[in-house]
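Notes follow the structure.
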Amino acid sequence: FFNVTGNVHFRLAYPKDFARLIWRGNADFIGEIANLSGLGLDFTHYREYGLGAAWQGRKWNIGARGKWLQGLSNVHLANRRTRLKVGEEMYRLKGTSDATLHTSMPNQNTSPENYVLSAPGKGIGLDAGATYQFTDKWRFSAALQDLGFIRWKNNTHNYNLKGSVDYNGFDVVGNYL
């Protein structure tokens with residue numbers, strides 16, 4: 001059997017302090033530091049082309065599918081340390097970060113047709129499974145799914161987010177009067 005499948009995987013990880021900051025604002029952190037180091041992001045869009053076979057015996061059923069993976073786009077945030085300090089005076093904010101954003105995407109001027117054809121990543125994968133009918137009441141099964149990798153070699157960019165920033169707000173009234 002043959003298949004063509006589009007896949008999108010998205011994961012957003014956030015620490016407790018990030019959720020508190022979004023939900024309750026910065027008042028909980030006045031004079032303290034919000035630890036945002038657990039903030040992470042992973043996004044992968046790929047297409048798989050699979051070719052498989054299955055065999056059915058008296059007690060055994062066995063199947064496997066080999067896959068060629070076409071990586072279309074990938075974003076990964078490696079966040080080593082990110083913090084936000086809320087000052088006691090006028091709630092001034094000081095953010096510090098040590099993170100890297102890794103991307104592999106088609107060129108910006110890529111048309112929808114070329115997006116599919118100019119994949120920046122290539123890889124292979126495997127699905128395999130087996131079932132054994134021990135008795136009429138007992139059956140044992142095992143499976144491996146999505147075992148494989150994609151190597152992102154083309155159109156890769158790494159953005160270092162290292163340093164600090166101070167935000168003292170802005171004067172709305174002073175700018176318009």
Item to check | Whether over 12 other heavy atoms sit under 6.0 Å from Lys85 NZ | outcome: no

Checklist entry - With a 4.5 Å limit on heavy-atom distance, are the side chains of His9 and Tyr46 in contact? => result yes

Checklist entry - Any side-chain heavy atom of Thr103 within less than 4.5 Å of one from Thr156? => result no

Checklist entry - What do the steps show when you test Arg47 against Val4 for side chain to side chain contact (heavy atoms under 4.5 Å, CB included), and what is the final call? => result CA-CA 7 Å; Arg47 181 162 292 117; Val4 177; 3.8 Å; yes

Item to check | Note, Phe29 side chain near Leu21 side chain (heavy atom, < 4.5 Å) | outcome: yes

Next on the checklist: Starting from Leu101, can I reach Phe10 by hopping between I/L/V/M/F/W/Y residues whose side chains sit under 4.5 Å apart?
Outcome noted: yes

Checklist outcome for this item: Between the CG atom in Leu51 and the CH2 atom in Trp68, the distance rounded to the nearest 0.5 Å is 14.0 Å

Item to check | side chain to side chain donor-acceptor pair (under 3.5 Å) involving Asn61 - partner list, sequence neighbours excluded | outcome: none

Item to check | Minimum side-chain heavy-atom gap Met105-Asn155 below 4.5 Å | outcome: no

Checklist entry - Are any non-hydrogen side-chain atoms of Ser104 and Asn154 less than 4.5 angstrom apart? => result no

Checklist entry - Would the number of heavy atoms belonging to other residues, nucleotides or ligands and lying under 6.0 Å from NZ of Lys59 be above 12? => result yes

Next on the checklist: Tell me whether Glu48 contacts the main-chain N or O of Gly50 through its side chain, where contact means a donor paired with an acceptor under 3.5 Å.
Outcome noted: no

Checklist outcome for this item: For Ser73 and Phe43 the tightest heavy-atom approach is OG-CE2, 3.6 Å

Next on the checklist: Working note: Val75 + Asp42, criterion side chain to side chain contact (heavy atoms under 4.5 Å, CB included); need CA distance, chi angles, decisive distance, verdict.
Outcome noted: CA-CA 6 Å; Val75 177; Asp42 287 302; over 6 Å; no

Item to check | Qualifying residues under side chain to side chain donor-acceptor pair (under 3.5 Å), relative to Asp166, sequence neighbours excluded | outcome: none

Item to check | Partners passing side chain to side chain donor-acceptor pair (under 3.5 Å) against Asp127 (at least two apart in sequence or in another chain) | outcome: Arg65, Lys67

Checklist entry - Should Ile30 and Phe18 be counted in the same cluster of Ile, Leu, Val, Met, Phe, Trp and Tyr side chains packed under 4.5 Å apart? => result yes

Checklist entry - What is the ring orientation for Phe140 with Trp138, classed by angle as parallel under 30°, tilted 30 to 60°, or perpendicular over 60°? => result parallel

Checklist entry - Looking at side-chain heavy atoms only, is the closest gap between Leu84 and Ile33 below 4.5 Å? => result no

Next on the checklist: Would you say that Trp152 contacts Thr44 through its side chain, given a criterion of any heavy-atom pair below 4.5 Å between the two side chains?
Outcome noted: yes

Checklist entry - So does Arg81 pair up with Asp98, basic N to acidic O under 4.0 Å? => result no

Item to check | Shortest non-hydrogen contact from Leu39 toward Leu77 | outcome: O-CD2, 4.0 Å

Checklist entry - Would Ser97 and Thr82 count as a side chain to side chain donor-acceptor pair (under 3.5 Å) if you check the C-alpha gap in whole Å, the side-chain angles of each, and the deciding distance to 0.1 Å? => result CA-CA 4 Å; Ser97 180; Thr82 300; 3.3 Å; yes

Item to check | Smallest separation among heavy atoms of Pro15 and Gly38, with atom names | outcome: CD-C, 3.7 Å

Next on the checklist: Counting neighbours of CZ on Phe1 that are heavy atoms of other residues, nucleotides or ligands and sit closer than 6.0 Å, is the number greater than 12?
Outcome noted: yes

Checklist entry - If you round to the nearest 0.5 Å, how far is OH of Tyr49 from CZ of Phe2? => result 8.0 Å

Checklist entry - For Arg24, does the CZ atom have more than 12 heavy-atom neighbours from other residues, nucleotides or ligands under 6.0 Å away? => result no

Checklist entry - With the 4.5 Å side-chain cut-off for hydrophobic clustering, are Leu36 and Val165 part of the same group? => result no

Item to check | Contact check, side chains of Asp28 and Val86, non-hydrogen atoms, under 4.5 Å | outcome: no

Next on the checklist: Less than 3.5 Å apart, any donor N or O on the side chain of Thr100 or Asn158 sitting next to an acceptor on the other?
Outcome noted: no

Checklist entry - Are there more than 12 heavy atoms of other residues, nucleotides or ligands under 6.0 Å from atom CZ of Arg139? => result no

Item to check | Polar side-chain atom of Asp17 near backbone of Asn35 as donor-acceptor pair, under 3.5 Å | outcome: yes

Item to check | Cationic tip of Arg151 above Phe149 ring, under 6.0 Å, 45° of axis | outcome: yes

Next on the checklist: I need the minimum non-hydrogen distance between Tyr14 and Ala19, along with the two atoms involved.
Outcome noted: CE1-CB, 3.9 Å

Item to check | Within one Ile-Leu-Val-Met-Phe-Trp-Tyr cluster: Leu41 and Leu161, side-chain cutoff 4.5 Å | outcome: yes

Checklist entry - What is the minimum heavy-atom distance between Arg80 and Ala99, and which atoms define it? => result NH2-C, 3.7 Å

Next on the checklist: Main chain of Lys162, side chain of Asn160: is a donor-acceptor contact present, judged purely on distance under 3.5 Å?
Outcome noted: no

